[in-house]
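See below for the structure under consideration.
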Amino acid sequence: RRFGFSAGTDTHDGYPGAYGQGLTGVWANENTREGILEALRSRRCTAVTGDRIAVEFCAGDAPMGSSIEADDPRDLTYRVQGWDFIKQVELVRDNVPIQVETPDYGAPNPTGEQLYRLRLEWGWGPMKGYQVFDWQGSVRIDAGRLEQVVPCFTSDPFDEHRRKRVLTREETGCTWQSHTSRGGMLTSRNGFVSASANDALCLEVRGNEETQLNITFGCETHTSLVATMPDWTLSPSRGTLERSMSIGELLNGRQGFRMEGAPTWVVAHRAVPPSLYTIHGGHSHAPGDGSFYYLRVTQENGQMAWASPVWMGRSQQVIGR
């Protein structure tokens, strides 16, 4: 059998695409039901743990998921775009890594306008109790342009008015709403062990080191449905935060802030230049025994991605892993 790679969860918290519970990326010719199903059946798909890492992987003109029966020489090529610093990209042949590529962290960072990627994260809060914090947030970009907004929202929408969503998005900024709660995060009703109770947004910003990010956060909590003593000491509570920072400052490291009036926090993670979230490479397949190749990507924040295999000259062999 020849399988493609996909990722997802069988929990039922009612939030498809919840961050940290696995996602499947599909390389489809068109964004339709038919186009997506055709791509899945052809194994043109990737698996990611959380961050929406984009992976292109081909053998000549044959995309990931292809079976190349003729044992002819083919050049394998790949291109990866992550949402954090890329730690390594492994080219795996027959389940053995044969090539490992890493970005050149020592290279000088080019100056001028670039597409920087960064992450805003919020949450934390009390370790005990079931307190729910409702969040409103916004970011405004000065001397730059917002190109992409990718939500990293954890599961549990609670009810429709609390559903996590990006509310507005323009070139100058965006707004959003979400909620966080650490109560019961390790013993959810589905028995799912959560890696994080925080929410986040990944932003792609076109600008330079002088480009400014102006962030505004508000969070509010009321008496929770499952009230405990720690909850009573916090309700009602409202926190606020306004900060400005440049991409240049975030290139030097992340910045963390405690909300004013509430025991919750916001972190603006370090900005990542294209040279450190993008990597490409290749490998020449020599004719011989049939082989299969796939790609495995690891970011510095632990998020991973896999590109579906390509099979080279395996017309008489069966793979059953």
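Counting begins at 1 with the first residue of the sequence.
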- Message: Minimum heavy-atom separation for Trp83 and Cys202, please, with both atom names.
- Response: CE3-CB, 3.6 Å

- Item | More than 12 heavy atoms of other groups within 6.0 Å of Glu242 CD | no

- Answer yes or no: is there a side-chain heavy-atom contact under 4.5 Å between Arg43 and Pro63? no

- Item | Distance-minimising heavy-atom pair for Gly35 and Ala28 | O-CB, 3.7 Å

- Hey, is CZ on Arg41 packed in by over 12 heavy atoms from elsewhere, all under 6.0 Å? no

- Message: Checking Phe292 against Asn95 for the side chain to side chain contact (heavy atoms under 4.5 Å, CB included) test, could you report, in this order, the C-alpha distance in whole Å, the side-chain angles of both residues, the deciding distance, and whether it holds?
- Response: CA-CA 8 Å; Phe292 65 90; Asn95 290 326; 3.8 Å; yes

- Between Val48 and Ala305, which heavy-atom pair has the shortest distance, and what is it? CG1-CB, 3.7 Å

- Task: Please determine which of Gln148, Gln114, Glu147, Glu171 meets the side-chain hydrogen bond (donor to acceptor under 3.5 Å, both in side chains) test together with Arg206.
- Result: Glu147

- Item | Minimum-distance pair of heavy atoms, taken over all atoms of Asn214 and Ser244 | OD1-OG, 2.6 Å

- Note on the structure: Exactly one candidate in Val100, Val55, Thr102, Ile279 meets side chain to side chain contact (heavy atoms under 4.5 Å, CB included) with Val89; the answer is Ile279

- Same cluster for Leu23 and Phe57 if Ile/Leu/Val/Met/Phe/Trp/Tyr side chains link at under 4.5 Å? yes

- Query: Hey, is the main chain of Trp124 close enough, under 3.5 Å, to the side chain of Asn198 for a donor-acceptor pair?
  - Reply: yes

- From CA spacing to verdict: salt bridge (Lys or Arg N to Asp or Glu O under 4.0 Å), Glu300, Lys87: CA-CA 5 Å; Glu300 288 286 352; Lys87 183 177 182 179; 5.6 Å; no

- Task: Calculate, to the nearest 0.5 Å, the distance between atoms OG and CZ belonging to Ser67 and Arg2 respectively.
- Result: 4.0 Å

- Evaluate the side chain to side chain contact (heavy atoms under 4.5 Å, CB included) criterion for residues Arg117 and Gln81: first the C-alpha distance (whole Å), next the side-chain angles of each, then the deciding distance (0.1 Å), finally the verdict. CA-CA 10 Å; Arg117 290 188 169 183; Gln81 285 191 303; 4.1 Å; yes

- Query: Are any of the side-chain heavy atoms of Val132 and Arg162 separated by less than 4.5 Å?
  - Reply: yes

- Query: Considering only heavy atoms from C-beta outward, does the side chain of Asn301 approach that of Phe85 to under 4.5 Å?
  - Reply: no

- Taking Glu210 for the side chain and Ser246 for the main chain, is one N or O donor matched with an acceptor at less than 3.5 Å? no

- Query: Can you check side-chain hydrogen bond (donor to acceptor under 3.5 Å, both in side chains) on Trp122 and Ser178, steps first, answer last?
  - Reply: CA-CA 10 Å; Trp122 58 93; Ser178 80; 2.9 Å; yes

- Message: Check for me, please, whether Leu203 and Val267 land in the same ILVMFWY cluster - side-chain distances under 4.5 Å, paths through other members count.
- Response: no

- Message: Determine whether Arg119 and Arg254 satisfy the following criterion, side chain to side chain contact (heavy atoms under 4.5 Å, CB included), listing intermediate values before the conclusion.
- Response: CA-CA 9 Å; Arg119 183 187 315 257; Arg254 66 182 181 180; over 6 Å; no

- Query: Side-chain heavy atoms under 4.5 angstrom apart, residues restricted to Ile, Leu, Val, Met, Phe, Trp, Tyr: same cluster for Ile247 and Val149?
  - Reply: yes

- Message: Any heavy-atom pair between the side chains of Thr77 and His280 that's under 4.5 Å?
- Response: no

- Task: Identify the two heavy atoms, one from His269 and one from Leu118, that lie closest to each other, and give their separation to 0.1 Å.
- Result: O-CB, 4.2 Å

- Rounded to the nearest 0.5 Å, the CD atom of Glu209 sits from the OH atom of Tyr116 at a distance of 5.0 Å

- Message: How close do Val139 and Leu120 get, counting heavy atoms only, and between which atoms?
- Response: CB-CD1, 4.5 Å

- Message: Please say yes or no: joined through hydrophobic side-chain contacts below 4.5 Å, possibly via intermediate residues, are Val272 and Val205 part of one cluster?
- Response: no

- Does Met304 share a hydrophobic cluster with Val26, counting links as ILVMFWY side-chain heavy atoms below 4.5 Å and allowing steps through other members? no

- Report yes if some heavy atom in the side chain of Leu167 is under 4.5 Å from a heavy atom in the side chain of Gln136; otherwise report no. yes

- Interatomic distance, Asn252 atom CG to Met245 atom CE [nearest 0.5 angstrom]: 13.5 Å

- Please say whether the positively charged group of Arg74, taken as NZ for Lys or CZ for Arg, lies over the ring of Tyr293, i.e. under 6.0 angstrom from the six-membered ring centre and within 45 degrees of the axis. no

- Message: Side chains of Asp199 and Thr154 only: does a donor on one sit below 3.5 Å from an acceptor on the other?
- Response: yes

- Item | Nearest-0.5 Å distance, CD of residue Glu220 to CZ of residue Phe133 | 11.0 Å

- Without hydrogens or angle criteria, can the side chains of Gln303 and Asp84 be said to hold a donor-acceptor pair below 3.5 Å? no

- Non-hydrogen side-chain atoms of Asp104 and Ser275 separated by less than 4.5 Å: no

- Message: Go through it in stages, so that I can follow the logic: the residues are Phe257 and Phe217, the test is side chain to side chain contact (heavy atoms under 4.5 Å, CB included), and I'd like the CA-CA distance, side-chain angles, deciding distance and then a yes or no.
- Response: CA-CA 11 Å; Phe257 313 99; Phe217 279 87; over 6 Å; no

- Message: So, taking the atom named CH2 in Trp306 and the one named CD in Glu90, what distance separates them when rounded to the nearest 0.5 Å?
- Response: 10.5 Å

- Query: Is there a donor-acceptor contact under 3.5 Å from the side chain of Arg44 to the main chain of Ser66?
  - Reply: no

- Task: Return yes if some donor-acceptor pair links the side-chain N/O of Gln177 with the main-chain N/O of Asp134 below 3.5 Å, else return no.
- Result: no

- Message: I'd like to check Thr264 versus Thr221 (side-chain heavy atoms, cut-off strictly below 4.5 Å). Are they in contact?
- Response: no

- Message: Determine whether a donor-acceptor pair (N or O, by modelled atom type, separation under 3.5 Å) exists between the side chain of Thr172 and the backbone of Ile141.
- Response: no

- Message: Is it the case that the side chain of His283 and the backbone of Leu91 share a donor-acceptor pair, with hydrogens and angles ignored and the cut-off at 3.5 Å?
- Response: no

- Rounding to 0.5 Å, atoms OG1 (Thr49) and OH (Tyr19) come to a distance of 6.5 Å

- Item | Ser308 side-chain N/O to Phe5 backbone N/O, donor-acceptor pair under 3.5 Å | yes

- Message: Tell me whether Gln99 contacts the main-chain N or O of Gly282 through its side chain, where contact means a donor paired with an acceptor under 3.5 Å.
- Response: yes

